[in-house]
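Since this is a predicted model, take the numbers as computed values, not measurements. First listed ligand is number 1; within each ligand, the first listed atom is number 1.
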Amino acid sequence: MTHELKTGGDRGYLRIATEEAFATQAQVDLLIKLVKDGKADRGITSLWGFYGLNADERAMKTQARLLDLGEGRIADMDATGIDIAILSLTSPGVQAYVDVEDARRVCAESNDILAEAIARYPTRYYGLTAVAPQDPEWSAQEIRRGAELGFRGVMINSHTHGEYLDNPKFDPIFRALADTDQPLYIHPTTPPDSMIGPMVEAGLDGAIFGFGVETGLHLLRLMTSGIFDRYPSLQIIGGHGCEALPYWLYRLNFMHQAGVRSKRYECLKPLKHDLYHYMRTNMIGTTSGLASEPSIKLAIEMMGEDRVMYAMDYPYEYVADEVRTHDLLDIPADTKKKLMQTNAERVFKL
Ligand code: CA
(Lines give C-alpha, C1' and ligand atoms only; values in the text may rest on other atoms or scores of the structure.)
Protein backbone atom coordinates (compact mmCIF):
# COMPACT_ATOMS: atom_id res chain seq x y z
CA MET A 1 0.00 0.00 0.00
CA THR A 2 1.47 3.34 -1.00
CA HIS A 3 -1.10 5.75 0.42
CA GLU A 4 -4.37 5.92 2.30
CA LEU A 5 -7.50 6.41 0.22
CA LYS A 6 -9.68 9.23 1.51
CA THR A 7 -12.62 11.11 0.07
CA GLY A 8 -12.65 14.90 0.00
CA GLY A 9 -9.93 15.71 -2.50
CA ASP A 10 -6.73 15.36 -0.46
CA ARG A 11 -4.79 14.56 -3.65
CA GLY A 12 -6.00 17.64 -5.49
CA TYR A 13 -9.08 16.12 -7.09
CA LEU A 14 -12.29 14.34 -6.23
CA ARG A 15 -12.63 10.77 -7.48
CA ILE A 16 -15.73 10.43 -9.63
CA ALA A 17 -16.34 6.82 -10.65
CA THR A 18 -18.39 6.72 -13.83
CA GLU A 19 -19.39 3.10 -14.52
CA GLU A 20 -20.80 1.86 -11.25
CA ALA A 21 -23.49 -0.80 -11.34
CA PHE A 22 -26.57 -1.58 -9.27
CA ALA A 23 -29.36 -4.12 -9.65
CA THR A 24 -32.93 -4.33 -8.44
CA GLN A 25 -34.47 -7.47 -6.99
CA ALA A 26 -37.15 -7.51 -9.70
CA GLN A 27 -34.49 -7.26 -12.41
CA VAL A 28 -32.44 -10.12 -10.92
CA ASP A 29 -35.51 -12.31 -10.30
CA LEU A 30 -36.61 -11.98 -13.92
CA LEU A 31 -33.11 -12.68 -15.24
CA ILE A 32 -32.92 -15.83 -13.12
CA LYS A 33 -36.38 -16.91 -14.29
CA LEU A 34 -35.32 -16.38 -17.91
CA VAL A 35 -32.27 -18.58 -17.36
CA LYS A 36 -34.23 -21.27 -15.49
CA ASP A 37 -36.99 -21.33 -18.13
CA GLY A 38 -34.40 -21.77 -20.88
CA LYS A 39 -35.51 -18.53 -22.55
CA ALA A 40 -32.23 -16.59 -22.19
CA ASP A 41 -29.68 -16.57 -25.01
CA ARG A 42 -26.38 -18.42 -24.51
CA GLY A 43 -24.57 -15.36 -23.18
CA ILE A 44 -27.13 -14.42 -20.54
CA THR A 45 -27.43 -18.09 -19.57
CA SER A 46 -23.66 -18.07 -18.99
CA LEU A 47 -23.52 -14.65 -17.23
CA TRP A 48 -26.61 -14.78 -15.05
CA GLY A 49 -26.35 -18.52 -14.56
CA PHE A 50 -23.21 -17.48 -12.67
CA TYR A 51 -24.09 -14.17 -10.96
CA GLY A 52 -27.71 -15.18 -10.32
CA LEU A 53 -27.50 -18.84 -9.39
CA ASN A 54 -23.95 -19.88 -8.54
CA ALA A 55 -23.00 -20.36 -4.87
CA ASP A 56 -19.43 -19.18 -5.59
CA GLU A 57 -18.30 -16.45 -3.19
CA ARG A 58 -17.58 -13.91 -5.94
CA ALA A 59 -21.03 -14.41 -7.46
CA MET A 60 -22.90 -14.11 -4.16
CA LYS A 61 -20.92 -11.12 -2.91
CA THR A 62 -21.30 -9.32 -6.23
CA GLN A 63 -25.06 -9.86 -6.28
CA ALA A 64 -25.43 -8.59 -2.70
CA ARG A 65 -23.37 -5.47 -3.49
CA LEU A 66 -25.34 -4.83 -6.70
CA LEU A 67 -28.59 -4.80 -4.73
CA ASP A 68 -27.28 -2.42 -2.04
CA LEU A 69 -27.84 1.26 -2.77
CA GLY A 70 -27.56 2.13 0.92
CA GLU A 71 -24.97 2.21 3.67
CA GLY A 72 -22.98 -0.79 2.45
CA ARG A 73 -22.22 0.86 -0.88
CA ILE A 74 -21.41 4.20 0.72
CA ALA A 75 -19.03 2.44 3.15
CA ASP A 76 -17.29 0.71 0.21
CA MET A 77 -16.96 4.07 -1.55
CA ASP A 78 -15.55 5.67 1.61
CA ALA A 79 -13.06 2.82 2.06
CA THR A 80 -11.62 3.36 -1.43
CA GLY A 81 -11.82 7.15 -1.53
CA ILE A 82 -14.63 7.37 -4.10
CA ASP A 83 -16.37 10.72 -3.71
CA ILE A 84 -19.10 10.31 -6.30
CA ALA A 85 -20.53 7.30 -8.16
CA ILE A 86 -22.36 7.57 -11.49
CA LEU A 87 -24.80 4.68 -11.11
CA SER A 88 -26.43 2.59 -13.82
CA LEU A 89 -28.59 -0.53 -13.92
CA THR A 90 -26.29 -3.51 -14.31
CA SER A 91 -25.87 -5.39 -17.57
CA PRO A 92 -27.95 -6.47 -19.41
CA GLY A 93 -30.38 -3.94 -17.89
CA VAL A 94 -33.80 -5.11 -19.08
CA GLN A 95 -32.55 -5.80 -22.60
CA ALA A 96 -32.52 -9.61 -22.30
CA TYR A 97 -36.22 -9.88 -21.45
CA VAL A 98 -38.36 -11.52 -24.11
CA ASP A 99 -41.61 -9.94 -22.89
CA VAL A 100 -41.60 -6.24 -23.77
CA GLU A 101 -44.14 -5.40 -21.08
CA ASP A 102 -41.80 -6.97 -18.48
CA ALA A 103 -38.95 -4.89 -19.88
CA ARG A 104 -40.85 -1.62 -19.68
CA ARG A 105 -42.17 -2.32 -16.16
CA VAL A 106 -38.84 -3.38 -14.61
CA CYS A 107 -37.05 -0.54 -16.40
CA ALA A 108 -39.37 2.18 -15.09
CA GLU A 109 -39.29 0.67 -11.57
CA SER A 110 -35.48 0.55 -11.62
CA ASN A 111 -35.29 4.19 -12.64
CA ASP A 112 -37.62 5.09 -9.76
CA ILE A 113 -35.52 3.08 -7.30
CA LEU A 114 -32.36 4.83 -8.50
CA ALA A 115 -33.97 8.27 -8.25
CA GLU A 116 -34.95 7.49 -4.63
CA ALA A 117 -31.40 6.39 -3.78
CA ILE A 118 -29.97 9.58 -5.28
CA ALA A 119 -32.44 11.62 -3.21
CA ARG A 120 -31.09 9.86 -0.08
CA TYR A 121 -27.41 10.49 -1.00
CA PRO A 122 -27.49 13.57 -3.23
CA THR A 123 -23.82 14.41 -2.73
CA ARG A 124 -22.56 10.87 -3.47
CA TYR A 125 -24.75 9.51 -6.29
CA TYR A 126 -25.75 10.57 -9.78
CA GLY A 127 -27.55 8.29 -12.18
CA LEU A 128 -28.06 7.22 -15.77
CA THR A 129 -31.49 6.36 -17.17
CA ALA A 130 -32.11 2.71 -18.02
CA VAL A 131 -34.14 2.09 -21.19
CA ALA A 132 -35.83 -0.84 -22.93
CA PRO A 133 -34.68 -0.64 -26.56
CA GLN A 134 -37.16 -3.43 -27.38
CA ASP A 135 -39.60 -0.46 -27.50
CA PRO A 136 -37.73 2.54 -28.95
CA GLU A 137 -40.63 5.01 -28.69
CA TRP A 138 -41.24 4.13 -25.04
CA SER A 139 -37.50 4.38 -24.38
CA ALA A 140 -37.47 7.88 -25.87
CA GLN A 141 -40.21 8.89 -23.42
CA GLU A 142 -38.31 7.27 -20.55
CA ILE A 143 -35.18 9.24 -21.50
CA ARG A 144 -37.23 12.43 -21.25
CA ARG A 145 -38.69 11.28 -17.91
CA GLY A 146 -35.18 10.41 -16.70
CA ALA A 147 -33.98 13.91 -17.52
CA GLU A 148 -36.83 15.28 -15.41
CA LEU A 149 -35.87 12.90 -12.57
CA GLY A 150 -32.39 14.46 -12.67
CA PHE A 151 -30.44 11.67 -14.38
CA ARG A 152 -27.38 12.82 -16.31
CA GLY A 153 -27.22 10.40 -19.23
CA VAL A 154 -28.52 7.10 -20.56
CA MET A 155 -27.15 3.57 -20.22
CA ILE A 156 -27.61 0.94 -22.93
CA ASN A 157 -26.02 -2.49 -22.59
CA SER A 158 -24.91 -3.01 -26.18
CA HIS A 159 -27.09 -5.16 -28.47
CA THR A 160 -30.73 -5.93 -27.80
CA HIS A 161 -31.60 -9.45 -28.97
CA GLY A 162 -28.87 -9.21 -31.60
CA GLU A 163 -29.95 -5.79 -32.89
CA TYR A 164 -27.60 -2.78 -32.95
CA LEU A 165 -28.37 0.87 -32.37
CA ASP A 166 -27.40 1.89 -35.92
CA ASN A 167 -30.64 0.20 -37.02
CA PRO A 168 -32.94 3.13 -38.00
CA LYS A 169 -35.70 1.72 -35.77
CA PHE A 170 -33.73 3.02 -32.77
CA ASP A 171 -33.66 6.60 -34.02
CA PRO A 172 -36.25 7.83 -31.44
CA ILE A 173 -33.65 7.05 -28.75
CA PHE A 174 -31.05 9.29 -30.44
CA ARG A 175 -33.66 11.99 -31.03
CA ALA A 176 -34.46 12.00 -27.30
CA LEU A 177 -30.74 12.09 -26.40
CA ALA A 178 -30.25 15.08 -28.69
CA ASP A 179 -33.37 16.87 -27.43
CA THR A 180 -32.33 16.44 -23.78
CA ASP A 181 -28.60 16.98 -24.51
CA GLN A 182 -27.52 13.86 -22.63
CA PRO A 183 -24.62 11.44 -23.24
CA LEU A 184 -25.15 7.76 -24.02
CA TYR A 185 -23.03 5.17 -22.23
CA ILE A 186 -22.79 1.91 -24.18
CA HIS A 187 -21.84 -0.80 -21.71
CA PRO A 188 -21.09 -4.42 -22.62
CA THR A 189 -23.40 -7.34 -22.46
CA THR A 190 -22.63 -10.89 -23.55
CA PRO A 191 -22.36 -11.35 -27.33
CA PRO A 192 -25.50 -12.48 -29.17
CA ASP A 193 -25.97 -16.12 -30.19
CA SER A 194 -24.80 -15.24 -33.71
CA MET A 195 -21.35 -14.32 -32.34
CA ILE A 196 -20.78 -16.14 -29.07
CA GLY A 197 -20.12 -19.73 -30.19
CA PRO A 198 -16.31 -19.92 -30.25
CA MET A 199 -16.09 -17.54 -27.27
CA VAL A 200 -18.29 -19.46 -24.83
CA GLU A 201 -16.65 -22.71 -25.98
CA ALA A 202 -13.37 -21.35 -24.62
CA GLY A 203 -14.83 -19.59 -21.55
CA LEU A 204 -14.03 -16.18 -23.08
CA ASP A 205 -17.52 -14.77 -23.65
CA GLY A 206 -17.72 -12.53 -20.58
CA ALA A 207 -15.78 -9.54 -19.28
CA ILE A 208 -12.50 -11.23 -20.08
CA PHE A 209 -12.94 -10.74 -23.86
CA GLY A 210 -16.42 -11.20 -25.37
CA PHE A 211 -17.76 -8.06 -23.70
CA GLY A 212 -15.10 -5.79 -25.13
CA VAL A 213 -15.06 -7.25 -28.62
CA GLU A 214 -18.83 -7.13 -29.05
CA THR A 215 -19.19 -3.64 -27.56
CA GLY A 216 -16.22 -2.32 -29.53
CA LEU A 217 -17.98 -3.59 -32.65
CA HIS A 218 -21.14 -1.77 -31.56
CA LEU A 219 -19.32 1.53 -31.01
CA LEU A 220 -17.54 1.19 -34.35
CA ARG A 221 -20.81 0.37 -36.18
CA LEU A 222 -22.34 3.55 -34.79
CA MET A 223 -19.38 5.61 -36.01
CA THR A 224 -19.20 4.07 -39.50
CA SER A 225 -22.98 4.23 -39.94
CA GLY A 226 -22.72 8.02 -39.64
CA ILE A 227 -24.50 8.52 -36.30
CA PHE A 228 -22.30 11.54 -35.54
CA ASP A 229 -22.99 13.12 -38.92
CA ARG A 230 -26.69 12.92 -38.08
CA TYR A 231 -26.19 14.04 -34.44
CA PRO A 232 -22.96 16.09 -34.41
CA SER A 233 -23.16 17.03 -30.74
CA LEU A 234 -23.96 13.48 -29.53
CA GLN A 235 -21.51 12.10 -26.95
CA ILE A 236 -21.10 8.33 -26.64
CA ILE A 237 -19.12 6.82 -23.77
CA GLY A 238 -17.38 3.46 -23.96
CA GLY A 239 -15.94 1.67 -20.94
CA HIS A 240 -12.76 -0.37 -20.65
CA GLY A 241 -10.55 2.11 -22.47
CA CYS A 242 -13.32 2.74 -25.04
CA GLU A 243 -13.28 -1.02 -25.71
CA ALA A 244 -9.79 -0.97 -27.26
CA LEU A 245 -10.80 1.30 -30.15
CA PRO A 246 -8.01 3.80 -29.31
CA TYR A 247 -5.43 1.04 -29.73
CA TRP A 248 -6.87 0.05 -33.12
CA LEU A 249 -7.61 3.57 -34.33
CA TYR A 250 -4.95 3.94 -37.04
CA ARG A 251 -5.92 0.64 -38.68
CA LEU A 252 -9.66 1.21 -38.27
CA ASN A 253 -9.36 4.60 -39.95
CA PHE A 254 -7.03 3.42 -42.73
CA MET A 255 -9.18 0.42 -43.63
CA HIS A 256 -12.41 2.37 -43.30
CA GLN A 257 -11.20 4.89 -45.85
CA ALA A 258 -9.94 2.12 -48.14
CA GLY A 259 -13.29 0.34 -47.83
CA VAL A 260 -15.26 3.48 -48.66
CA ARG A 261 -13.05 4.28 -51.68
CA SER A 262 -13.34 0.78 -53.13
CA LYS A 263 -17.15 0.74 -52.69
CA ARG A 264 -16.76 -2.85 -51.53
CA TYR A 265 -19.73 -2.62 -49.16
CA GLU A 266 -22.92 -0.79 -49.92
CA CYS A 267 -23.32 -0.01 -46.20
CA LEU A 268 -19.91 1.71 -45.90
CA LYS A 269 -20.68 5.21 -47.09
CA PRO A 270 -18.43 8.28 -47.01
CA LEU A 271 -18.54 10.20 -43.72
CA LYS A 272 -18.06 13.91 -43.17
CA HIS A 273 -14.92 13.26 -41.11
CA ASP A 274 -12.35 10.54 -40.49
CA LEU A 275 -12.59 8.22 -37.49
CA TYR A 276 -9.95 10.22 -35.60
CA HIS A 277 -12.34 13.16 -35.64
CA TYR A 278 -15.24 11.23 -34.11
CA MET A 279 -12.99 9.59 -31.51
CA ARG A 280 -11.77 13.04 -30.47
CA THR A 281 -15.07 14.90 -30.76
CA ASN A 282 -17.91 12.52 -29.97
CA MET A 283 -16.48 9.50 -28.16
CA ILE A 284 -15.41 9.31 -24.53
CA GLY A 285 -13.58 6.43 -22.87
CA THR A 286 -13.51 5.33 -19.27
CA THR A 287 -10.90 3.33 -17.38
CA SER A 288 -13.27 0.70 -15.95
CA GLY A 289 -11.47 -2.60 -15.52
CA LEU A 290 -8.33 -1.16 -17.06
CA ALA A 291 -6.11 -0.02 -14.20
CA SER A 292 -2.96 -0.11 -16.30
CA GLU A 293 -0.76 2.92 -16.83
CA PRO A 294 0.25 2.22 -20.48
CA SER A 295 -3.37 1.51 -21.47
CA ILE A 296 -4.74 4.66 -19.83
CA LYS A 297 -1.96 6.80 -21.33
CA LEU A 298 -2.68 5.37 -24.77
CA ALA A 299 -6.39 6.19 -24.46
CA ILE A 300 -5.55 9.75 -23.37
CA GLU A 301 -3.03 10.15 -26.21
CA MET A 302 -5.40 8.88 -28.89
CA MET A 303 -8.65 10.50 -27.66
CA GLY A 304 -7.35 13.62 -25.95
CA GLU A 305 -7.06 14.47 -22.26
CA ASP A 306 -10.62 15.83 -22.16
CA ARG A 307 -12.10 12.52 -23.26
CA VAL A 308 -11.04 9.87 -20.75
CA MET A 309 -12.74 9.44 -17.38
CA TYR A 310 -12.06 7.33 -14.33
CA ALA A 311 -14.33 4.36 -13.53
CA MET A 312 -14.01 1.65 -10.90
CA ASP A 313 -16.64 -0.79 -12.29
CA TYR A 314 -18.00 -1.52 -8.83
CA PRO A 315 -18.94 -4.10 -7.69
CA TYR A 316 -17.44 -6.32 -10.39
CA GLU A 317 -14.11 -4.61 -9.79
CA TYR A 318 -13.55 -3.49 -6.21
CA VAL A 319 -9.78 -3.28 -5.76
CA ALA A 320 -8.29 -0.47 -3.67
CA ASP A 321 -4.90 -0.76 -5.37
CA GLU A 322 -6.54 0.00 -8.73
CA VAL A 323 -7.57 3.38 -7.30
CA ARG A 324 -3.96 3.89 -6.20
CA THR A 325 -2.77 3.00 -9.71
CA HIS A 326 -4.84 5.94 -10.99
CA ASP A 327 -3.57 8.25 -8.24
CA LEU A 328 0.02 7.37 -9.11
CA LEU A 329 -0.23 7.70 -12.90
CA ASP A 330 2.79 9.45 -14.34
CA ILE A 331 0.81 12.20 -16.10
CA PRO A 332 0.61 15.97 -15.45
CA ALA A 333 -1.46 17.00 -12.42
CA ASP A 334 -4.02 18.91 -14.50
CA THR A 335 -4.49 15.93 -16.83
CA LYS A 336 -5.02 13.68 -13.79
CA LYS A 337 -7.63 16.05 -12.38
CA LYS A 338 -9.47 15.92 -15.70
CA LEU A 339 -9.31 12.12 -15.68
CA MET A 340 -10.51 11.72 -12.10
CA GLN A 341 -12.95 14.62 -11.74
CA THR A 342 -13.52 17.44 -14.17
CA ASN A 343 -14.14 15.49 -17.38
CA ALA A 344 -16.98 13.66 -15.60
CA GLU A 345 -18.30 16.95 -14.24
CA ARG A 346 -18.42 18.34 -17.78
CA VAL A 347 -19.82 15.24 -19.51
CA PHE A 348 -22.54 14.59 -16.92
CA LYS A 349 -23.15 18.28 -16.05
CA LEU A 350 -22.62 17.63 -12.33
CA1 CA B 1 -19.29 -2.50 -15.81
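- If you look at H273 and Y278, their ring centroids are closer than 6.0 Å.
- The Ca ion (ligand 1) sits nearest to atom OD1 when only the N, O or S atoms of D313 are considered.
- When the shell of 6.0 Å around CH2 of W248 is examined, it contains 12 or fewer heavy atoms from other residues, nucleotides or ligands.
- A perpendicular orientation is assigned to the rings of Y314 and Y318, their planes being inclined by more than 60° (bins at 30° and 60°).
- Under a 3.5 Å cut-off, the side chain of S91 and the backbone N or O of P188 do form a donor-acceptor pair.
- Take the N/O/S atoms of H187: the one nearest the Ca ion (ligand 1) is NE2.
- When distances from the Ca ion (ligand 1) to the N, O or S atoms of E19 are compared, OE2 comes out shortest.
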